[in-house]
Amino acid sequence: MADITAPAQRFAAVPPIHIQAPTILVFDSGLGGLSVFREVARVRPDAHFIYAADDAAFPYGALSDAALVARVREVVGTLIAATRPDLVVIACNTASTLALPALRAAYGLPFVGTVPAVKPACAASVTRQVSVLATPGTVRRDYTAGLVREFAGACAVTLVPSERLASLAEAAMHGAAVPDADIAAEIAPCFVTTPQGRTDTVVLACTHYPLLLDRLRAVAPWPVSFIDPAPAIARRVASLIGPTAFASSPKPVRLVSTAQPLDAAMISRVLERQSLPPEVIAPPLARAS
Ligand code: DGL
């Protein structure tokens, strides 16, 4: 069929092409953002990447709303000044569902957030029983309630706060032995049986959880679809900064934390990318409350 779009409109729909490789800052409270980074790096393998973990304040799920907004605003501001990114990915649901408006107002850069994938989960569920597994912070947000109101449709949505799963994922990434029973206990409330059917879809609404995906599948009481939003976030990044213009080999990732230096060898393995020597950038006023 002929394309009847006016030439000017077609041109406007094409994302900008950066002749120079863009600089992308991926930010989380800890290691969870690596699950997002992997996918973003697939769509822009040529980019200069900074991975930043605010591990001095981990876990974000335990902070009050006011403390979290102040903290994220300050740490991200310090990181922007230090690394001059073209785009920032807030690879953390707990921060994105609360602090994105403050970040966008404070810094004139494109921000891509990570929020619970309620819409695709409810569209895909056959039994219409969907669970959203998240930190206590993300579960209690108005933003999350709004997503459920707007996108649940005919689905019953169970919000499941997990106190420990992000910390268990951190421990597992650092090589600690995390018992199956501990993981099983955190996800158990996601598995709901009703006369209409049982849960068939679980939204992983904390970026740490996809790092444990194999173990979640292994301990699940029955098979479900676990929804990881990372591929959709990567598509959003590509729509904002365009696709890779020229092939180039992956550059070493710059690793930044606010407490101890990140474990560069472990992160290089996860990302299949070399890293620069890890740095600690701790803003003097950004203390966890
Ligand atoms: N990775 C973060 C998220 O997506 C949360 C972990 C934390 O509590 O700091 O919500």
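The figures here come from the full heavy-atom set of this structure, side chains too, leaving out hydrogens, waters and symmetry mates. First listed ligand is number 1; within each ligand, the first listed atom is number 1. Given the structure is predicted, the values throughout are model-derived calculations rather than measurements.
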Would Thr135 and Thr94 satisfy side chain to side chain donor-acceptor pair (under 3.5 Å), going step by step from the backbone distance to the final call? CA-CA 7 Å; Thr135 65; Thr94 313; 2.9 Å; yes
Could you note down all residue pairs passing salt bridge (charged side-chain N to carboxylate O under 4.0 Å, His left out) where residues 136-149 supplies at least one of them, sequence neighbours left out?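 Sorted result for residues 136-149: Asp65-Arg140, Asp65-Arg141.
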Is it the side chain (CB and beyond), the backbone, both or neither of [X] that lies under 4.0 Å from ligand 1, heavy atoms counted?
{"X": "Ser29", "result": "side chain"}
{"X": "Thr135", "result": "side chain"}
{"X": "Asp28", "result": "side chain"}

Nearest-contact summary for [atom] - protein heavy atom, Å:
{"atom": "atom 7 (C) of ligand 1", "answer": "Tyr60 N, 3.3 Å"}
{"atom": "atom 8 (O) of ligand 1", "answer": "Gly61 N, 2.9 Å"}
{"atom": "atom 2 (C) of ligand 1", "answer": "Cys92 SG, 3.3 Å"}
{"atom": "atom 10 (O) of ligand 1", "answer": "Thr94 OG1, 2.5 Å"}

Ligand-residue contact atoms, ligand 1 with Cys206, heavy atoms, under 4.0 Å: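 Per the distance check, 1 (N), 2 (C), 3 (C), 4 (O), 5 (C), 6 (C), 10 (O).
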Interfacing atoms of ligand 1 (cut-off 4.0 Å, heavy-atom, His208):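 That gives atoms 1 (N), 2 (C), 6 (C) of ligand 1.
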For the CZ atom on Arg215, are there more than 12 heavy atoms of other groups (residues, nucleotides or ligands in this structure) within a distance under 6.0 Å?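 For Arg215, atom CZ is crowded (more than 12 foreign heavy atoms under 6.0 Å).
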Does a sphere of radius 6.0 Å around CZ in Arg84 hold more than 12 heavy atoms from other residues, nucleotides or ligands, not counting ones at 6.0 Å or beyond?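 Count not over threshold, so no.
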Does a side-chain heavy-atom distance below 4.5 Å link Ile187 with Val219?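 Answer yes - side chains close enough.
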Could you tell me whether Thr138 and ligand 1 have an N or O pair separated by under 3.5 Å?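 By distance alone, the answer is no.
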Name all residues meeting the ring-ring contact (aromatic ring centres under 6.0 Å, His included) criterion together with Phe111; count only those two or more places apart in sequence or in a different chain, and write none if there are none.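 If we apply the ring-ring contact (aromatic ring centres under 6.0 Å, His included) test to Phe111, skipping adjacent residues, there are no hits.
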His208 to Ala169 - nearest heavy-atom pair and separation: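 It is O-CB, 3.7 Å.
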